[in-house]
Number of protein chains: 2
Amino acid sequence: MRQQVAKLAGVSEATVSRVLNGVGPVKEATKQRVLAAAAELGYVPNALAQQFARKKSGNLGVVLPHMAKVSLFSTYYFSEMLSGIGSEVQASGNDLLLLFREADQPRNYTALFQSQKIDALIVLGARNMELDRTALEELTQEGYPFCVLNQRFGPRGSESPFLTVDADHWSGSQEAVRHLIDIGCRRIAFINGPEQYSNSIDRREGYLSVLVQSGLPIEQPLMLTGNYSRKSGYELANQLAELIKSGQADSVFAANDRMAIGAMQGLREHGLEAGRDYALCGYDDADAARMASPQLTSVAVPFQEMGRKAASLVLGGGSIGADASRSAVLPVQLVIRESTGVQQRRSK
Amino acid sequence: MRQQVAKLAGVSEATVSRVLNGVGPVKEATKQRVLAAAAELGYVPNALAQQFARKKSGNLGVVLPHMAKVSLFSTYYFSEMLSGIGSEVQASGNDLLLLFREADQPRNYTALFQSQKIDALIVLGARNMELDRTALEELTQEGYPFCVLNQRFGPRGSESPFLTVDADHWSGSQEAVRHLIDIGCRRIAFINGPEQYSNSIDRREGYLSVLVQSGLPIEQPLMLTGNYSRKSGYELANQLAELIKSGQADSVFAANDRMAIGAMQGLREHGLEAGRDYALCGYDDADAARMASPQLTSVAVPFQEMGRKAASLVLGGGSIGADASRSAVLPVQLVIRESTGVQQRRSK
DNA sequence: GCAAAAAATGTACACGCGTACATTTTGTCA
DNA sequence: TGACAAAATGTACGCGTGTACATTTTTTGC
């Protein structure tokens, strides 16, 4: 096929290759002849042969958490990040290979590199567990380019052994809690997610630090744990209702919107309305935040940008910024809506 | 590398290949020797070379609608289908290549096959437009295995020129509208999506057919059009409010949950509550349906199963069922919740 | 125990491309 | 115009598999 193009253009196959790849010096006239010939014959290079010859698949792998039941991860989180990754991948002329992780199976990420199926890797939904840690350590050891998204290993602010793109959930939680305090809340219940996720830890620390700064007491009974699902928030509503009705709590800060909405629904069954009987703040600013009634105050996370950043880092193969830093932490932003609405609280 | 394995096992490279691929007759003893040697050396076959030699990439391509702003397609729809596709792809030992479509650019799907980047294709979010039709026609002409998901070309029930997996939105809409009539509604407003999607057409026809069957009049003013976004539903609420307050409408059937929720929110601003002042039924049964207040009656669509089916069809390369039918239509199911709650309506 | 069939293994090469290196053409300067 | 450098193009080969075909080994049937 390439041979036919070469013959039609009156050149050698090598020249065809050079023209199509824009490499090496080529006379403008021959270039046009080759392109014309290729167009006429409808020649499309065999990507498999190209990858083989170049020893590059051109694929960015993205590992997804197992999500048969969409439970732990809101689909918002997932699809937004993927969208960001996709836009960057597309811009760089690469492709995106989706890799579905089996639940609790040993990860074999290095094999993906050894087989050259992927040139780079982004890991979504990693947890701080033996299984994940060893897999990532292995990748580091071998020097393969990869990036962990929305998860940090080691303490906050510490230098990461590998590329990491995260959002500043510590500051985000601080903002959220400060906002609750600003509107008059003093006893802020907190629904967190599992601490395998650095996200959860960051939020807890942000929550606690503001309490301390503000001279408010830290009350263990106010700190609850769900699993980031709506259902878990809903189930915690019984405890929350008691806390609120007894005056032990006047507000709820949930570590994501799904749990916030679940809690909101559960509390409603106890006759408690967000924005009226208690203030409620979620996290993520998913679509669901705007769909809830009352609309949910939340912390917007730049998931798309995080995806783009991770992709660009891992495809560029470089470190972050001019320095040799291995981790990027993107800012988040509080979005105030009805569930902490001042007017509604006043009308109480 | 393979050579080293061969030497260590004391066989030829061809035998190594045979063992690893489980092809051809191999003595059990040599098989074990080869496997042991491969394990010891940590040999991982080069996927690129395999693909090249086999002339198969092992990739199933999935074309995604452009979704910079997550507007037309709920992320629920998207991630559920993808999840279904993913499970099937994984089970078949293939990989999933994500292909992001640029907005309003000519589609070049055939090139993906010609370059052998993909062995099969699933098209998500196709519309009945020139751009899409010609692209699909081209694929058909060339005989490439592909499947269109959740979209039909040509009239309902007609034989499709290519593989199609859809859900029975006609029956689903009928069920929804019948349910509304069952609970006493007589003037059912209908918010549909753009008619580029066969989904929309099916829902409209289902809606109309039940009205006719039930002897209810068809009123043009009750039929509104949005774009499947929450915002569009919200914006139509003004018209709906007027219809409801003037007694022209007593219920709303929205073609998806997002628009239903948008309408619900908009109507609330007019003092109208779903399940109390009017009945509301959505479609898709996305998570959002359960997150809304009141929880939304909706039509559950087996998105995951559709994804699995499409993947299995297109990877199997076969037709659907024993007959030569080219299209599968999966059943949907009405899920009744509070927004059409009988008890609430009674208390009106 | 021998011939023939069957099973197991080895040998050799193609797959389509990119590219190092050799060769030819073009351009430059005196 | 000739010598030489630079640009343009051609030639040849490797990349790591899978597999058709040739060859060797084992089994079978008598």
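Lettering of chains follows the sequences in order, A, B, ..., and the numbering in each one begins at 1. It should be emphasised that the depicted structure is a prediction, and the values quoted were computed from it without experimental measurement.
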For A:R308, the salt bridge (charged side-chain N to carboxylate O under 4.0 Å, His left out) test, sequence neighbours excluded, returns none
Return the set of residues passing side chain to side chain donor-acceptor pair (under 3.5 Å) with A:T140 (not counting sequence neighbours), or none when no residue passes.
none
Protein and nucleotides 14-16 of chain C: nitrogen or oxygen contacts under 3.5 angstrom:
from, atom 1, to, atom 2, distance (Å)
C:dC15, O3', B:K55, NZ, 3.4

Across all chains, not counting sequence neighbours, the side chain to side chain donor-acceptor pair (under 3.5 Å) partners of B:S17 are B:N21
Mind running a 4.0 Å heavy-atom check of residues 7-15 of chain A against DNA chain D and sending the residues that fall below it, in number order?
A:G10, A:V11, A:S12, A:A14, A:T15
Applying salt bridge (charged side-chain N to carboxylate O under 4.0 Å, His left out), can you list everything that pairs with B:D95, at least two apart in sequence or on another chain?
A:K117
Out of A:L313, A:L163, A:L136, which residue meets the side chain to side chain contact (heavy atoms under 4.5 Å, CB included) rule with A:F146?
A:L136
According to side chain to side chain donor-acceptor pair (under 3.5 Å), who are the partners of B:T110, at least two apart in sequence or on a separate chain?
B:E138
With a strict under 4.0 Å distance from non-hydrogen atoms of chain A, what nucleotide opens and what nucleotide closes the contacted stretch of DNA chain D, reading 5' to 3'?
D:dA8 to D:dG16
For the atom pair CD (A:Q151) and CG (A:D166), what is the distance rounded to the nearest 0.5 Å?
7.5 Å
Does anything in residues 21-62 of chain A pair up under ring-ring contact (aromatic ring centres under 6.0 Å, His included), and if so which pairs, sequence neighbours excluded?
A:F52-B:F52
For A:L35, which of A:V19, A:V5, A:T30 qualifies under side chain to side chain contact (heavy atoms under 4.5 Å, CB included)?
A:V19
Output all residues satisfying side chain to side chain donor-acceptor pair (under 3.5 Å) with B:Q114, sequence neighbours left out; order by chain, then residue number.
none
By side chain to side chain contact (heavy atoms under 4.5 Å, CB included) - contacts of A:D132 (at least two apart):
A:R101, A:R107, A:A126, A:R127
Can you list, in residue-number order, the parts of residues 20-34 of chain A that come under 4.0 Å of DNA chain D, counting heavy atoms only?
A:P25, A:V26, A:K27, A:T30
What closest approach, in Å, do B:G58 and B:D119 show between heavy atoms, and which atom pair accounts for it?
N-OD2, 2.7 Å
